[in-house]
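A short worksheet on the structure shown next.
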Amino acid sequence: MVEGSKVTASARDRILASIGASGNPEQEYQAIERGYESAGTAQKGQKLDLFIERLTDYGAGVYRCTHLEIAATIAERLHARNAQSVAVPHDIPVDWLPQPFEFIRDHASPYPQIECCDGVITGCAVAIADTGTIILDGGSSQGRRALTLLPDYHLCVAFEDQIVETVPEAMHRLAEAMSRPLTLISGPSATADIEMTRIQGVHGPRSMEVVLVSL
Amino acid sequence: MSVRVGAAAESPSFPMAAKAAMEDVQLRQNVRHATGVIRAKRALLVEEKADWQQLRTAASRIKEHTMRYLDRYLVQFEQSCVRAGGKVHWAEDADEANRIITGIIQSHGETEVIKVKTMTSDETQLNTALEAAGITPYETDLADLIVQLGSDHPSHIVVPALHKNRMQIRQIFLDKMHLETLGREPKDLAEAARRYLREKFLRVRVGISGANFAIAENGSVCIVESEGNARMCLTLPKVLISLIGIEKVIPRFRDLEVFLQILARSATGERMSPYSSIWSGVSANDGPSEFHVVLLDNGRTKVLADEAARQTLHCIRCGACLNICPVYRQTGGHAYGSIYSGPIGAILTPQLQSMRHSETLPFASSLCGACYEICPVKINIPEVLVHLRAKVVEQGDSPIVEQLAMRAAAFALAGPRRLAAAQGFARIAQKPFLSEGVLKNLPGMLSGWSSVRDLMTVPEQSFREWWRDRK
Amino acid sequence: MKISLFITCYNDTLFPETGKAVVHVLERLGHSVEFRAEQTCCGQMHLNTGYRKEALPLMQRFLEVFDDAEVICSPSSSCVAMIREHYSILAEETGDPTLRDKVRNLLPRVFEFTELLVDRLGVTDTGAFYPHKVTYHPSCHSMRTLGLGDKPIRLLKEVRGLRYIELPGADECCGFGGTFSIKNPDVSAAMLADKMQAVAATGAEVCAACDNSCLMHIYGGLHRQRQPVRVAHLAEILASEERR
């Protein structure tokens, strides 16, 4: 019995006793046929174009800039949305943040306080071109999960070298972080529950934008 | 043991329920429209994926492998989850799962829970058990909310309110959310749900979820969703309880690279669902401070024991087989009398219930094979249907008239002389039903058939007679 | 080539014209056809309805009858599908290695009629003449289990005088499904209604298929509704010749 596991001993034992095969699972696992594409084949430019195309498809705007233009690009986006108060992770780089906005650095702030913000700005861990996916792993400049969930607008800063082409490449990059809280975001919150028609925006941020930074 | 699949044991037979469902013109229109939309979207996105077949094969192999060593992977999952700060419980049947979950909620003195869409909790009828214990469950998935507010039943695995159109949903919201005005567009309805639930997300301290995948390697749980309601339930409450069928375990984190690529494409016709959450136990300063997993058997080990049918447990609940099924398209989901409808429901429900109370389900298919062709994990549903039909016959649950007819046919087909005699007999026996050169108003088992179809007559000369005379 | 015809029990009984047409086409192409009179049925109806025990002796009979046949041809996709999909499983279940070997040895020799023509004999022009508007319903077994693809349509397009019209929603089941149409007559009828609507929309005079069972179903509905569309097995169209 595993320590800390609240076991109804009989149920666990009976379930486990009724299953079971002999063999070498490790060896058989390694032998599983994986004929699908794992590494991408696109050139860098094509890959970035694909990423932008996918995000645009989801209704997520993409804004490209250089490293030195991050703050200016963010300022532009916040102006465009008339965002006044903006939540940010506590460890967000200072040079990303333009004046004269009010930034609320999240140090375990109460949820209602985050919820009142007009938006949130974060970085990301990895992004996938093929599916237009941004992945947050709670690492630097990404904050905790609630931060990118409660405000109605998410502005995400992604660097070109964070973008991979395929899903398998992304999972490979995440191998080290696999046990952290991961959130894969592919466009803004949406639903297809009414007549199978995609409607943008239910509970998560209804608007999402990406600042794509060249190196 | 009280293995149960929702209220499936008390449901009417499929042919009866289907007949009733097909009389609802609005329902049929809604189902047709919705399945048509999703089929078209899926087809486009699968076409762009050059390695689709390789992904299907890999997914199928991973599942096959996992089922073979499920005991080991379950124990590994338990150990990893506990190491990450989670607590693991095991439940043999629906009642045990409900008792465990109710107990955890009561131990915190809570009387409300917010729920992520979970079929497994519908299977155990968790909401009924919670309500009986004085706990109010709030469904937060839009479709589940529609079903809950409308005191309805889910009719689709992925889109439980697929049988309702926007106007019907609007009326439910107006009545149950006590709204004075509400727009007519889907976005207005989504907005209403956002307002209705936001306060609950921020207030309620216990969240309940199911799981799309549970990873043995590191004890992570993965939930794929669209709206953000799951993220709310998984992140904001203090206590999180995930009810997970034992077949949801996959060996490793990297296996997600296969399943995440096939799930959304098959389920909603998207490249990736808007949100996938993956977490392991509890994390300091991020999300719930207490995490429980309830591993549920509820008949699954019995399915696993039947090698010819265990592939049923490979299902990732994408619902693609429902959308493509020509039977589902006519009847909608309620006719299947179970929370699991469509082709996968027709094989899953009877097996979970040890082949009792659902003897007509394995026959609710024309065996057209569209479900097998579309299944992203390659479950050979027609093959399993035929296998289960044999079980129904074996346990003596097929109609007596049918048994007699099948035996008579077997006798007649046992040799060419008998067959020729039967052909001769048929030519005579058909005479009373001859009308306008065809057969009409056939009796008994054939009466349903001949109520809307004519039957060709048996010609005077069989092929074998022609061949014999030709030489 | 010597071709052994497996007519199938229902074609033998209800659709002798299809068998005659197959014989006619193959002989016209210069092949010799044999009919082994000991044959009866492949066991499909029993197996699909759950009567596995009753299906087994029918399979054994089939294996015996066609034991030494060089090429076996059948004008029924669903029966060929039964043989290909289920015979190995049935044999496996008996645990009898001889039976298993017999099935393994049988499978490469069994051809559905259009497979035989296009794949084995390399023929698409059968020299037929059929001056009618024809649509084609790809039955589920022909399309999904056998993967006939466009073979039947390629054959039809070579027929002189024939105007081929594509069937909308062609890949939808007609609702027959053997005993499905008896056990679930209402759902089956609703599926049939969709199929009939599609057939009528083509304006074709004839609806063709590689399965008489589906055609019997479609015809049953069309005739009841007094629709002027006829049905014909593909072989009957390919057998048709210009009267000189």
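First the proteins, then the strands, lettered A, B, ... as listed; each starts at 1. All heavy atoms count here, side chains included; hydrogens, waters and symmetry mates do not.
- Proximity to chain B (any heavy atom under 4.5 Å) is shown, for C:T18, by neither the backbone nor the side chain.
- What you find for C:E38 and B:P416 is that their closest heavy atoms are OE2-CG, 3.7 Å.
- Heavy-atom distances place no part of C:S78 under 4.5 Å from chain B, backbone and side chain included.
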Test side-chain hydrogen bond (donor to acceptor under 3.5 Å, both in side chains) applied to C:D186 and B:Q330, step by step: CA-CA 10 Å; C:D186 302 300; B:Q330 301 294 346; over 6 Å; no

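- Contact count versus chain B (heavy atoms, under 4.5 Å) is highest, among C:L5, C:N11, C:L58, C:T13, for C:T13.
- Of the listed residues C:A190, C:P57, C:G178, C:C173, the one with more heavy-atom pairs under 4.5 angstrom with chain B than any other is C:A190.
- Residues B:F14 and C:N184 meet the side-chain proximity criterion, which asks for heavy atoms closer than 4.5 Å.
- Considering only heavy-atom pairs separated by less than 4.5 Å from chain C, the leading option among B:A18, B:P382, B:A308, B:A409 is B:A409.
- For chain B, no part of C:L222 is nearby; none of its heavy atoms comes within less than 4.5 Å.
- When each of B:G448, B:G415, B:S450 is scored by its heavy-atom pairs under 4.5 Å with chain C, the top score falls to B:G415.
- Relative ring orientation between C:F35 and B:F463 is described as perpendicular, the plane-to-plane angle rising above 60° on a 0-90° scale split at 30° and 60°.
- At a threshold of 4.0 Å, the pair C:E172-B:R32 does not count as salt-bridged, since none of the basic side-chain nitrogens sits closer than that to a carboxylate oxygen.
- The candidate with the highest count of non-hydrogen atom pairs below 4.5 Å against chain B, out of C:G221, C:C41, C:C140, is C:C140.
- Within 6.0 Å of CE on B:M16 lie no more than 12 heavy atoms contributed by other residues, nucleotides or ligands.
- Between C:P16 and B:S462, the shortest heavy-atom contact is CB-C, 4.0 Å.
- No side-chain N or O of C:S181 forms a donor-acceptor pair with one of B:R453 less than 3.5 Å apart.
- Note that SG of B:C325 is 7.0 Å distant from CE of C:M191, once rounded to the nearest 0.5 Å.
- To the nearest 0.5 Å, the span separating CH2 on B:W466 from CG on C:D12 amounts to 12.0 Å.
- Contacts of C:L47 with chain B are made by both backbone and side-chain atoms, with heavy-atom separations under 4.5 Å.
- Only the backbone of B:S365 comes within less than 4.5 Å of a heavy atom of chain C; no side-chain atom from C-beta onward does.
- No option in B:E394, B:Q403, B:R407 other than B:Q403 meets the side-chain contact (heavy atoms from CB on, under 4.5 Å) test with C:Y51.
- Proximity to chain C (any heavy atom under 4.5 Å) is restricted, for B:S451, to the backbone atoms N, CA, C and O.
- The choice from B:M456, B:R389, B:E436, B:M406 that makes the most heavy-atom pairs within less than 4.5 Å of chain C is B:M406.
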Derivation and outcome, side-chain contact (heavy atoms from CB on, under 4.5 Å), residues C:I89 and B:E383: CA-CA 10 Å; C:I89 300 171; B:E383 186 69 52; 3.1 Å; yes

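- Atom NZ of B:K19 sits in a sparse spot, with 12 or fewer heavy atoms from other residues, nucleotides or ligands closer than 6.0 Å.
- The greatest number of non-hydrogen atom pairs below 4.5 Å with chain C, out of B:G437, B:S447, B:P15, is found for B:P15.
- With rounding to the nearest 0.5 angstrom, the CH2 atom of B:W467 is 8.0 Å from the CD atom of C:E34.
- Both the backbone and the side chain of C:H223 come within contact range of chain B, judged by heavy atoms closer than 4.5 Å.
- Of the inter-residue distances, the one linking B:L367 atom CG with C:T49 atom OG1 reads 8.5 Å to the nearest 0.5 angstrom.
- Nearest heavy-atom pair, B:T457 versus C:L14, reported as atom, atom and distance to 0.1 Å: O-CD2, 4.0 Å.
- Chosen from C:E54, C:H86, C:K183, the residue pairing most often with chain B at heavy-atom distances under 4.5 Å is C:K183.
- When atom types are taken as modelled, the side chain of C:T40 and the backbone of B:L413 share a donor-acceptor pair closer than 3.5 angstrom.
- Ranked by heavy-atom pairs shorter than 4.5 Å toward chain C, the options B:E373, B:R470, B:R28, B:E402 are led by B:E402.
- Ranked by heavy-atom pairs under 4.5 Å with chain C, the first of B:T331, B:V392, B:V327, B:L439 is B:V327.
- Contact of B:L419 with chain C is made through the side chain alone, with heavy-atom distances under 4.5 Å.
- Of the listed residues (C:R52, C:K53, C:K20), the one with the most heavy-atom contacts under 4.5 Å to chain B is C:K20.
- Residue B:M445 touches chain C through both its backbone and its side chain, counting heavy-atom pairs closer than 4.5 Å.
- For B:R418, no part lies near chain C; criterion is any non-hydrogen pair under 4.5 Å.
- The aromatic rings of B:W449 and C:F176 sit perpendicular, their planes meeting at an angle over 60°, well past the 30° parallel limit.
- For C:V22, no part sits under 4.5 Å from any heavy atom of chain B, backbone or side chain.
- Atom CD of C:E85 is separated from atom CG of B:N380 by 6.5 Å, given to the nearest 0.5 angstrom.
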